[in-house]
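A short write-up of the structure that comes next.
Below, read A as the first sequence line, B as the second, and so on, with proteins coming before strands; counting in each chain starts at 1.
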Protein chains: 4
Amino acid sequence: MTEPHAPRRGRKRSEQSRLAILTATFELTRDEGYRALTVEGIAARAGVGKQTVYRWWPTKADVLLEALATKAELHVSVADRGSFRADLEQFLRDSFALLGVPGVAQALRSLMAEAQVDSQFASRFREGFLDRRRAALAELLQRARRRGDAPPVADELVADVVFGVIWYRVLATDRPWGEADLVALRDLLTSTFTNPDPSSRIGSTHV
Amino acid sequence: MTEPHAPRRGRKRSEQSRLAILTATFELTRDEGYRALTVEGIAARAGVGKQTVYRWWPTKADVLLEALATKAELHVSVADRGSFRADLEQFLRDSFALLGVPGVAQALRSLMAEAQVDSQFASRFREGFLDRRRAALAELLQRARRRGDAPPVADELVADVVFGVIWYRVLATDRPWGEADLVALRDLLTSTFTNPDPSSRIGSTHV
Amino acid sequence: MTEPHAPRRGRKRSEQSRLAILTATFELTRDEGYRALTVEGIAARAGVGKQTVYRWWPTKADVLLEALATKAELHVSVADRGSFRADLEQFLRDSFALLGVPGVAQALRSLMAEAQVDSQFASRFREGFLDRRRAALAELLQRARRRGDAPPVADELVADVVFGVIWYRVLATDRPWGEADLVALRDLLTSTFTNPDPSSRIGSTHV
Amino acid sequence: MTEPHAPRRGRKRSEQSRLAILTATFELTRDEGYRALTVEGIAARAGVGKQTVYRWWPTKADVLLEALATKAELHVSVADRGSFRADLEQFLRDSFALLGVPGVAQALRSLMAEAQVDSQFASRFREGFLDRRRAALAELLQRARRRGDAPPVADELVADVVFGVIWYRVLATDRPWGEADLVALRDLLTSTFTNPDPSSRIGSTHV
DNA sequence: CTGTAAGCGAGACGGTACGTCGAGTCTTTCC
DNA sequence: GGAAAGACTCGACGTACCGTCTCGCTTACAG
């Protein structure tokens, strides 16, 4: 897939510079905030020319996106834990763990913010982050469908609820995640339901 | 409540300038995007000095926040519609209607983005928008609690799910809202549940 | 000459405000420098509205010009001291005394600077200050002409030399005036001359 | 003498921009006046970013000072013309020629004005202009001293008179220079004198 | 083993917008 | 109608970064 394009002449890309840039970007965002993140600042802290940044990344947000991928284990386990309930719990636990890594929540908020304002970056952010996470959850749901214990609700809604709640708390509230929150969300999506339709309710064995 | 402070000396604030600024801000954001929104551009389009903007608002995001409040009916009905199910449906319907007004979704995305990057504005955004909406939903939930038809789930989780789903779709996806989405979300939160306790699951009639 | 214009209706000009403005202007120039002198600063320090300044003076330089006239005795004595030599000495002595008053040299430099840059003010500065001084010196010269002890040089040149030297030292050098300077200048203009005609030079006893 | 400081890395200063800035500055001052001279205007007319001006000059007055040096031949001839009388005449003639170049008098008045108001610039103005001219005249005087035909007056006073008269006429009067003015000033400083000391006056053959 | 083609750190370039200051005017209320 | 207060439009300030463009230098493949 990655074109093997002729073994290129000239000097090779400096891996050292690449890492210095990613590290500088991640740390600056974490310590000073995304507002204070500038290409000039990145280059200065990384001991690199500005051009070296512009040569390899279109915007500073893209640098941060790659820095995030490099600095934090974004991979989410999709190992089968026997039930959707358990799979979902693990998914949430992994997600919260990721958000707990210093700098990661800050980076994610910044990237989401940038995506609101730069639609080209928005596409790259979805492809490079949002869609991957959604695909992971989709895999869990497909397995549950096969297994027969998927929630009686459209997969898309499940995903919207899971990611909606996570992102909303990150973006709009200060409340930290607790075990209770995790459990409550898991239960909301894996409890058994009956439709409270008046007619169908008659004879219902539960309450 | 609002201090009647002595009838102030000096020239009065120009209501005309204020409105021109709010209108210019809203339209520029809607038409050119928040990235292209500058205080200089606002002042120019409003036919106003930059200083007049800076005199009354700390940042352009605050101007947009007030513009939004002025341009769109942010008030959400909390009229009692008999059941939480109906109340929630109306709440969602009102919310989607608001998002459908041209420029509103754009403005909200921009404000949320700004809040990620400017923590002082974040507080004002919460106070001036997020918390008000949350309070409206809380009122519906309290009424439901009294009435006895509240979801068997913490109010906070209900709010996180409702706002989480709404915001997530606005910020992270392109999918437009449809009637089906509304119904599915309403049903998720108002269906009756049973806890899928493994033991009780045996002989369960549903699934 | 001063039109007796009808006894004017309405409130009379406040002498207190006028003096407060002149004092504030003189002191601000002396203490902070002309660069830092602003109409806003004057009004604030004088406890006066900006409009009150603009109502009575066209520019801040005009305020300073009037402040100077009010704060320092600009009048130069033209009393007859018997000889042009003595008259000139007194004129120089008066001038240096004026320049020694704290704030006066600063004010004069500022006014001269302003005159270079605002030609309308330049006219008022000449009329209100430069020409008056020149007229005083002219009076001394006329008296000398009558008396017969005027320098064998055009009056205009004498004035150019006198004022030229004074202003040049104020504007372009840091050297303070000393008694020796005064005497040297006086002597230059009141010594007797012989034309250094080459032929007459032979056998000249001086050099 | 000029530090050979390491052959500098990075892009070189653009000589084209430098000249465009100097030309724009000189012409704007000449045509619109110093009051109307702004860094923004200079940059715009020179087709240059403002930063490029600020990078190389601390104030717009410094730009004008350099522009003057570039646009006008400030060099004053110190060639030996046989006598101080002839040397001085040439010096004055050169000075008046310089002042006759369109824009030069305007520039000099502006620089002198700025120096009154910005003491840091005042130092640079003295070093870069005033002191050089004074040094040139000092050279003529030293030669005259050696030759034996220097005026019987302190060198400093001669310089004060020469520059005082020139500057005073430029700054404070509208009278243009004529041949008669030149001659009169030359003669004042090169005529032979006798001190009108009362005692020595007795028997004096001249008057 | 030598050209030649990138990549590199450095830093100047033309620009845009920032947030501030002050100018000079206008408006309001009080005296 | 003068005066204090203060909001108004306007223009320039000096700064920060943007993204681009040379520089001189280093690296590494190709002839």
Side-chain angles (χ1 to χ4, degrees), chain A residues 6-14 16-18 20 36-44 46-56 58-60, chain B residues 6-14 16-18 36-44 46-56 58-60, chain C residues 8-14 16-18 36-44 46-56 58-60, chain D residues 6-14 16-18 20 36-44 46-56 58-60:
Chain A
R8 308 269 252 86
R9 293 219 294 158
R11 189 172 178 172
K12 270 181 200 147
R13 176 171 183 183
S14 162
Q16 182 185 315
S17 291
R18 183 181 154 269
L37 184 71
T38 66
V39 174
E40 252 160 21
I42 293 169
V48 136
K50 280 203 306 180
Q51 197 58 253
T52 302
V53 178
Y54 284 113
R55 199 177 349 254
W56 302 108
T59 74
K60 67 187 177 185
Chain B
R8 304 269 261 89
R9 293 224 278 166
R11 189 173 177 173
K12 273 180 196 144
R13 176 171 182 181
S14 163
Q16 183 185 316
S17 290
R18 184 182 153 269
L37 184 70
T38 67
V39 174
E40 250 159 25
I42 293 169
V48 136
K50 276 204 297 181
Q51 199 58 253
T52 301
V53 179
Y54 284 113
R55 190 167 8 246
W56 300 108
T59 73
K60 66 187 177 186
Chain C
R8 309 269 250 86
R9 293 217 292 157
R11 191 169 172 176
K12 266 181 205 145
R13 176 171 184 182
S14 161
Q16 182 186 315
S17 290
R18 182 180 154 271
L37 184 70
T38 67
V39 175
E40 252 160 23
I42 294 169
V48 137
K50 280 203 305 181
Q51 198 57 251
T52 302
V53 178
Y54 283 113
R55 190 161 15 239
W56 302 108
T59 72
K60 67 188 177 186
Chain D
R8 302 273 260 88
R9 294 223 280 164
R11 189 174 178 170
K12 272 179 196 146
R13 177 170 183 183
S14 162
Q16 182 185 316
S17 291
R18 183 182 153 268
L37 184 70
T38 66
V39 174
E40 249 159 26
I42 293 169
V48 135
K50 276 203 298 181
Q51 199 58 250
T52 301
V53 179
Y54 284 114
R55 194 173 359 252
W56 301 109
T59 73
K60 65 188 178 185

Paired and unpaired positions of DNA chain F as dot-bracket, Watson-Crick or G-U wobble under 3.5 Å, | denoting a partner strand: |||||||||||||||||||||||||||||||

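When every heavy atom of K60(C) is checked against every heavy atom of V39(C), the shortest pair comes out as CB-CG2, 4.2 Å. Among all heavy-atom pairs drawn from G49(B) and A43(B), the shortest one is C-CB, 4.0 Å.
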Review item, nucleotides 2-6 of chain E N/O atoms under 3.5 Å of protein N/O:
from, atom 1, to, atom 2, distance (Å)
dA6(E), N3, R11(A), N, 3.4

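With rounding to whole Å, Y54(B) atom OH is found 18 Å from dA7(F) atom P. Between Q16(D) atom CD and dC21(F) atom C1' the separation is 14 Å, expressed in whole Å. In this structure, CZ of R13(A) is placed 15 Å from P of dA28(F), rounded to the nearest angstrom.
In this structure, the nucleotide among dC13(F), dC18(F), dA23(E) sitting nearest to the side chain of E40(C) is dA23(E). When distances run from any side-chain atom of Q51(A) to the nucleotides dC18(E), dC26(E), dT20(F), the shortest one goes to dT20(F).
Residue-to-nucleotide proximity on DNA chain E shows that, of T38(C) and A46(D), the 5′-proximal contact is made by A46(D). Comparing R18(B) and P58(D), the nucleotide of DNA chain F nearest to each residue sits closer to the 5' end for R18(B).
In this structure, S14(C) does not reach the dG2(F) phosphate: none of its side-chain N or O atoms is under 4.0 Å from OP1 or OP2. Considering only side-chain N and O atoms, K60(A) lies nowhere under 4.0 angstrom from the phosphate OP1 or OP2 of dC17(F). Look at T52(B) and you won't find any side-chain N or O under 4.0 angstrom from OP1 or OP2 of dA7(F). Of the side-chain N and O atoms in S17(B), one or more sit less than 4.0 angstrom from OP1 or OP2 of dT9(F). Residue W56(D) places at least one side-chain N or O closer than 4.0 Å to OP1 or OP2 of dC13(E).
G41(B) comes within 4.0 angstrom of no nucleic acid atom, judged by non-hydrogen atoms across all strands. Using a 4.0 Å heavy-atom cutoff across all strands shown, K50(C) reaches at least one base atom of the nucleic acid.
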Worked check of side-chain contact (heavy atoms from CB on, under 4.5 Å) between R13(B) and W56(B): CA-CA 10 Å; R13(B) 176 171 182 181; W56(B) 300 108; 3.5 Å; yes

